[in-house]
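Notes follow once the structure below has been shown.
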Amino acid sequence: MSTTEVHAELFDEAGLAWPGQVCAASALSLRVRFAQKPPAGSVFSRVVLHHPSRPLTLTRCRLVGDGDQLVFLDDVYDCHTLMEQGRLKNLLGFFNELPLVLAQRNDITEGFRGFVADLIYDLTVYKKFFDEQDRAFSKEAPHVGAAAQEVLLRRAGPEFFRFLDGNLDKLSELVREFTSEQHERHGYYFRQQLWPFILGSAFMERTNLKPRGYAGDATMMQMIYDDRYEGAWAFNKLMHRHPVQHPAAEAVRNRRVLIPRLLRQHLDQSQANPFRVLSVACGPARELEDIFQGGVDPQRLEVTLLDQDDEALAAARSTIERVGAPKKLTLVNDSVRTLLKERAVADRWGRFDFIYSMGMFDYLTPPVAKAVLARLYELLAPGGALVVGNYHVKNPSRFYMAYWLDWILYYRTEDELGALASGLPDATVKVGFDDTGCQMFLTVERGP
Amino acid sequence: MTRRLQHKRIEKRLPPDWEAAKREWAPLKAFFAECGLDANEAYAMAMTASELLENAIKYGTWTKDDEFISLAIEVSSRAVVVEVENPVVDDPAAVRQLDDRIQWMRGFQSPFQAYVERLKQVSSQSYQEGESGLGLCRIAYEARCLLDFYVTGSGRLAMSAVYQVGVSLS
Ligand SMILES: C[S@@+](CC[C@H](N)C(=O)[O-])C[C@H]1O[C@@H](n2cnc3c(N)ncnc32)[C@H](O)[C@@H]1O
């Protein structure tokens with residue numbers, strides 16, 4: 001509840017001013033303490049609010065209730081924002097912009113329209129079927145219902161996944177030759193149309209709504225690592241699980257094999273003790289589980305985890321709590337975009353024997369990626385290695401991610417990824433792939 | 001369809017004033033056309049460059065006489081990169097906000113969607129000039145560029161726009 005009170009003049013239809021003190025009465029109404037009370041039900045043609053940040057003029061309103069509450073007649077104001085921030089927030093403002101959104105369906109190809117219509121029809125049929133079963137199951141005792149749902153998922157799930165896969169193939173076929181402008185327009189159209197189904201998947205709901213402001217937050221990463229059903233109903237479970245099992249997600253899980261393996265190699269060859277490790281954009285840092293359980297002596301490791309999102313760092317901390325602590329652990333809440341500004345970062349942090357960054361360079365454009373890579377290279381100790389992941393332009397989940405998940409990456413070719421490291425002094429550069437072929441690993445080693 | 005663009009790079013230092021920025025428009029457009037961009041693209045990229053210059057003048061911190069804007073443009077086979085650098089005060093909260101905005105905006109497949117979502121918030125509120133973040137959304141949407149930035153080792157803000165040429169996704 002806002003308590004701010006502001007001086008105001010209310011002008012009635014005869015032009016007479018009624019001064020008073022105004023505060024928010026509710027989200028959509030104001031309360032006035034008049035110097036002199038006007039007749040009940042009075043209508044005012046405008047209100048001038050002397051808010052400390054700036055004067056504001058509000059439109060037509062009427063006194064209701066006990067004669068001290070104001071409701072508006074032509075606009076719907078957010079009265080809390082109004083009083084607290086001195087900002088006019090008219091909840092109907094966006095209505096005027098709707099034609100812009102409506103116009104987005106122009107220039108959608110016939111083939112694409114037909115594809116979307118058929119897809120919606122088929123999904124509706126599947127959803128009805130699954131939901132009907134669930135309704136029947138829900139009348140049973142929980143353990144009986146759960147057993148029945150398990151049968152349903154096992155028997156009908158694979159067929160439904162084949163249906164989704166088939167549609168992704170059709171989608172790729174249709175959009176393969178699109179310009180980037182066409183992709184954007186058709187993607188927007190696609191998500192408007194499929195919105196109810198997107199919201200039926202916990203994973204897709206999150207990638208689309210991006211509650212942390214970006215795709216790839218710690219919760220999404222945990223969903224990928226966990227690779228489980230989510231949601232109560234079978235249809236929702238399947239819609240959640242399908243994208244989480246696609247190759248690009250498989251590639252994320254592969255990090256948990258690849259990073260520990262590379263780290264292990266360098267650790268075994270290194271004399272360094274402690275062996276200092278830095279993960280840049282660490283997310284939930286689930287690979288630490290595999291590192292610590294893979295026989296590495298945690299007492300030989302000093303680990304620094306950096307992420308811009310404090311929720312990601314909290315998730316990383318709980319990973320550590322589960323798997324056991326390294327000799328020393330440092331969590332840094334910062335963005336690599338600003339990390340670069342500190343010339344003396346190496347003095348403050350020391351140098352690292354192994355630095356890795358997974359799932360971040362895919363978000364950086366070339367000028368920034370190059371600058372960040374050069375800076376991370378400076379943080380390497382002699383003989384140290386830097387490993388950077390980046391999805392390849394041929395990522396088979398690319399259209400799935402772009403159209404369904406609204407998850408956009410900066411894809412690179414091998415050459416483009418390698419070129420980020422060009423010009424680094426005394427560096428040995430390699431580019432390799434993971435087993436799915438969608439993700440590349442750039443390894444940069446500093447000479448001894 | 002893949003086009004081959006001529007690989008070229010230019011670098012310039014400009015004083016932080018509107019006149020100097022305005023003078024760049026025509027030669028830049030000609031330069032982009034020379035590299036092989038079509039008329040629309042050359043126009044859009046010249047617009048992007050001048051919007052970034054304008055931002056640098058508007059939001060840069062200009063305290064000393066010898067301070068300047070650096071403009072670098074690189075055209076290569078797959079991308080056009082415009083980068084503008086200007087001095088800024090060390091204000092972590094402001095940089096954090098810019099970082100969040102850029103990521104939020106780039107998070108959508110369709111820059112139109114980012115623009116509309118922003119508009120949805122802005123159209124209902126009376127924002128002050130410069131605080132809405134709509135300008136950046138517009139550059140991204142109209143010029144079809146990916147915006148990104150970092151703070152350099154000497155504490156300057158390096159803002160860049162990348163235009164991916166004929167990105168064939170197949
Ligand atoms: C896709 S996740 C990857 C997480 C983890 N590395 C993994 O592989 O599971 C991306 C993470 O990068 C972080 N991130 C993105 N941009 C960043 C930046 N500029 N600076 C620091 N962290 C960033 C996000 O906060 C998020 O936690």
Side-chain angles (χ1 to χ4, degrees), chain A residues 54 56 78 81 85 87-97 100-101 104 172 175-181 183-185 187-188 191 210 213-215 308 335-343 363-369 371-372 375 393 398-399 401-403 406-408 410-411 413 416, chain B residues 1 72 74 76 78-79 81-83 88 90 92 95-96 98-113 115-116 119-128 141 144-170:
Chain A
R54 64 195 109 165
L56 299 162
D78 174 340
T81 306
Q85 298 170 29
R87 239 193 243 293
L88 279 187
K89 182 168 178 183
N90 181 355
L91 299 177
L92 302 186
F94 187 61
F95 184 70
N96 299 330
E97 312 289 349
L100 198 62
V101 180
Q104 283 297 302
S172 307
V175 306
R176 200 187 299 283
E177 299 298 328
F178 276 4
T179 62
S180 52
E181 189 168 354
H183 279 301
E184 291 161 13
R185 209 171 244 271
Y188 185 71
R191 286 184 297 280
K210 309 181 221 300
Y214 60 93
Q308 60 164 358
S335 162
V336 293
R337 291 191 174 85
T338 35
L339 181 69
L340 300 160
K341 74 169 186 235
E342 266 196 68
R343 276 221 186 98
Y363 297 85
L364 306 178
T365 61
V368 179
V372 171
R375 211 58 209 269
V393 281
R398 183 169 184 160
F399 295 127
M401 292 176 64
Y403 280 72
D406 198 12
W407 191 336
I408 297 303
Y410 195 95
Y411 293 100
T413 63
E416 284 168 338
Chain B
M1 181 195 63
E74 183 161 333
S76 61
R78 264 196 14 136
V81 180
V82 177
E83 195 168 11
V88 281
D90 189 11
V95 181
R96 180 72 251 174
L98 183 61
D99 207 329
D100 289 344
R101 279 218 173 127
I102 294 270
Q103 289 188 51
W104 177 85
M105 211 170 79
R106 292 251 312 273
F108 296 97
Q109 183 202 14
S110 154
F112 170 77
Q113 187 173 350
Y115 180 69
V116 165
L119 201 59
K120 209 181 281 179
Q121 296 160 19
V122 174
S123 64
S124 59
Q125 310 194 25
S126 54
Y127 273 96
Q128 312 258 19
Y141 165 43
R144 334 202 60 77
C145 282
L146 299 175
L147 296 178
D148 209 339
F149 82 97
Y150 64 94
V151 183
T152 70
S154 38
R156 288 160 66 85
L157 186 82
M159 184 87 187
S160 54
V162 173
Y163 175 70
Q164 292 175 279
V165 187
V167 257
S168 163
L169 296 182
S170 54

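Throughout, a chain's letter reflects where its sequence line sits, starting with A, and its residues are numbered from 1.
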**Q.** chain A contact via B:Ser160 - which portion, at a heavy-atom distance below 4.5 Å
**A.**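 For B:Ser160, the contact with chain A is made by the side chain alone.
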
Q: Side chain from CB out, backbone as N, CA, C, O: work out which of these in B:Arg156 comes under 4.5 Å of a heavy atom of chain A, or both, or neither.
A: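 B:Arg156 has no heavy atom closer than 4.5 Å to chain A.
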
Q: Evaluate the side-chain contact (heavy atoms from CB on, under 4.5 Å) criterion for residues B:Gln164 and A:Ser180: first the C-alpha distance (whole Å), next the side-chain angles of each, then the deciding distance (0.1 Å), finally the verdict.
A: CA-CA 9 Å; B:Gln164 292 175 279; A:Ser180 52; over 6 Å; no

Q.
On a heavy-atom basis, which atom in B:Tyr150 and which in A:Ala371 lie closest, and how many Å separate them?
A.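 It is CZ-CB, 3.4 Å.
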
Residue part contacting chain B, namely of [X], when any heavy atom lies under 4.5 Å:
X: A:Ala402; result: both
X: A:Glu416; result: side chain
X: A:Arg185; result: neither
X: A:Leu364; result: both

Q: Please step through side-chain contact (heavy atoms from CB on, under 4.5 Å) for the pair B:Phe112 and A:Glu184, ending with a clear verdict.
A: CA-CA 8 Å; B:Phe112 170 77; A:Glu184 291 161 13; over 6 Å; no

Q) Side-chain donor-acceptor pair under 3.5 Å between B:Gln113 and A:Gln104, yes or no? A)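 The criterion, which ignores hydrogens and geometry beyond distance, is not satisfied for A:Gln104 and B:Gln113.
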
Q) Would you find a donor on one side and an acceptor on the other, under 3.5 Å apart, between the side chain of B:Arg106 and the backbone of A:Tyr363? A)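 The answer is yes, because a donor-acceptor pair under 3.5 Å joins these two groups.
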
(Q) Please check: side-chain N/O of B:Asp148 versus main-chain N/O of A:Val368, any donor-acceptor pairing under 3.5 Å? (A)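 No; zero donor-acceptor contacts below 3.5 Å.
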
Measure the spacing between [atom1] of [X] and [atom2] of [Y] and express it to the nearest 0.5 Å.
X: B:Gln109; Y: A:Ile408; atom1: CD; atom2: CD1; answer: 4.5 Å
X: B:Ser154; Y: A:Lys341; atom1: OG; atom2: NZ; answer: 13.0 Å
X: A:Arg337; Y: B:Leu157; atom1: CZ; atom2: CG; answer: 11.0 Å

Q | Top of A:Asp78, A:Thr413, A:Thr338 for chain B proximity - count of heavy-atom pairs under 4.5 angstrom | A |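 Most pairs with chain B among the choices: A:Thr338.
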
Q) Who among A:Tyr403, A:Tyr188, A:Trp407, A:Tyr214 has the most heavy-atom pairs with chain B under 4.5 Å? A)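 Sorted descending by pairs with chain B, the first entry is A:Tyr188.
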
Q) If you draw the axis of the six-membered ring of B:Phe108, does the NZ or CZ of A:Lys210 fall within 45° of it and under 6.0 Å from the ring centre? A)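 Yes, cation above the ring, under 6.0 Å and within 45°.
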
Q | Most contacts with chain A, counted as non-hydrogen pairs under 4.5 angstrom, among B:Asp100, B:Asp90, B:Val81, B:Asp99 | A |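 Highest number of pairs under 4.5 Å: B:Asp99.
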
